[in-house]
Amino acid sequence: MPTLGVPFMPAMKTRDENQMHYLREMERTIRASEFWRGKPKGAEVAVRRLYLTGAGDCGGSSWPFDATQEEVDARIAAERELEQKFKALWKRDPELARSIDWGAY
């Protein structure tokens with residue numbers, strides 16, 4: 001299985017044309033917004049978060065309220081690992097990182 005140049009990364013699902021169009025429009029809005037205009041580093045972080053979450057970042061509200069500490073710890077570790085893979089690929093090939101549906105994993 002290809003790893004997209006990132007260690008231990010299986011082949012990943014890519015976003016379809018409609019998803020990419022939506023995300024690119026959101027990216028343009030972020031970069032053009034008056035709020036981010038004076039904060040280019042913050043805008044870049046917001047753009048990366050947009051592509052990592054697919055605009056679906058809701059602060060963990062989908063977590064079950066009755067999860068054990070072990071389940072919570074495992075989920076946090078998995079999210080951190082995925083974020084590290086995203087960061088590594090973004091550094092190597094931002095356009096490819098944009099096209100991966102990171103929320104599917």
Side-chain angles (χ1 to χ4, degrees):
M1 240 181 230
T3 64
L4 302 174
V6 178
F8 312 113
M9 180 180 279
M12 309 250 334
K13 178 183 171 203
T14 57
R15 296 182 166 115
D16 66 32
E17 188 177 323
N18 289 333
Q19 291 170 313
M20 289 302 296
H21 177 75
Y22 174 72
L23 292 171
R24 288 190 191 287
E25 284 299 314
M26 290 186 73
E27 178 180 356
R28 278 191 278 280
T29 300
I30 289 168
R31 291 186 187 282
S33 88
E34 192 159 325
F35 178 79
W36 290 115
R37 200 165 294 146
K39 306 170 189 145
K41 287 183 182 179
E44 191 60 35
V45 170
V47 166
R48 285 193 305 263
R49 187 79 188 160
L50 168 70
Y51 286 102
L52 175 61
T53 65
D57 189 8
C58 55
S61 64
S62 65
W63 287 36
F65 69 93
D66 60 346
T68 66
Q69 187 62 46
E70 186 176 277
E71 292 169 323
V72 170
D73 291 344
R75 186 165 175 179
I76 289 170
E79 286 181 4
R80 286 182 180 155
E81 180 182 357
L82 187 65
E83 189 169 337
Q84 290 302 314
K85 289 176 181 179
F86 172 80
K87 285 179 181 179
L89 185 57
W90 186 276
K91 192 176 233 182
R92 184 180 151 270
D93 188 343
E95 198 55 38
L96 181 58
R98 283 179 172 91
S99 71
I100 303 286
D101 186 358
W102 298 93
Y105 302 94

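- The shortest non-hydrogen separation linking Thr53 to Arg15 is C-NH2, 4.5 Å.
- By the side chain to side chain donor-acceptor pair (under 3.5 Å) test, Glu34 pairs with no residue at all, sequence neighbours left out.
- Shown here are the side chain to side chain donor-acceptor pair (under 3.5 Å) partners of Asp16, two or more places apart in sequence or in another chain: there are none.
- Just one residue in the list Lys85, Lys91, Gln84 forms a side chain to side chain contact (heavy atoms under 4.5 Å, CB included) with Lys87, and that residue is Gln84.
- Contacts of Thr14 classified as side-chain contact (heavy atoms from CB on, under 4.5 Å), with partners at least two apart in sequence or in another chain: Ser99, Ile100.
- In this structure, the side chain of Trp36 does not engage the main chain of Thr29 through any donor-acceptor pair within 3.5 Å.
- Cluster membership for Leu89 and Val45, using ILVMFWY side-chain heavy atoms within less than 4.5 angstrom, is not shared.
- Looking at residues two or more places apart in sequence or on another chain, you find a salt bridge (charged side-chain N to carboxylate O under 4.0 Å, His left out) between Glu79 and Arg75.
- By the salt bridge (charged side-chain N to carboxylate O under 4.0 Å, His left out) test, Asp73 is found to be paired with no residue, residues two or more places apart in sequence or in another chain being considered.
- Take Glu25 and apply the salt bridge (charged side-chain N to carboxylate O under 4.0 Å, His left out) test, not counting sequence neighbours, and it matches Arg28.
- Looking at residues two or more places apart in sequence or on another chain, you find no side chain to side chain donor-acceptor pair (under 3.5 Å) involving Glu70.
- Taken to the nearest 0.5 Å, the CE atom of Met20 stands 5.5 Å off from the CD atom of Glu95.
- For Trp90, the ring pair (Phe, Tyr, Trp, His ring centres under 6.0 Å) criterion is met by Phe86, not counting sequence neighbours.
- Across all non-hydrogen atoms, the minimal contact from Ile30 to Val47 is CG2-CG2, 4.0 Å.
- Distance alone, capped at 3.5 Å, places no donor-acceptor pair between the Arg98 side chain and the Tyr51 backbone.
- For Ala67, the side-chain contact (heavy atoms from CB on, under 4.5 Å) criterion is met by Pro64, Glu71, Val72, not counting sequence neighbours.
- Residues passing the side chain to side chain donor-acceptor pair (under 3.5 Å) test with Arg31, sequence neighbours excluded: Glu27, Glu44.
- Residues passing the salt bridge (charged side-chain N to carboxylate O under 4.0 Å, His left out) test with Lys39: none are found, sequence neighbours excluded.
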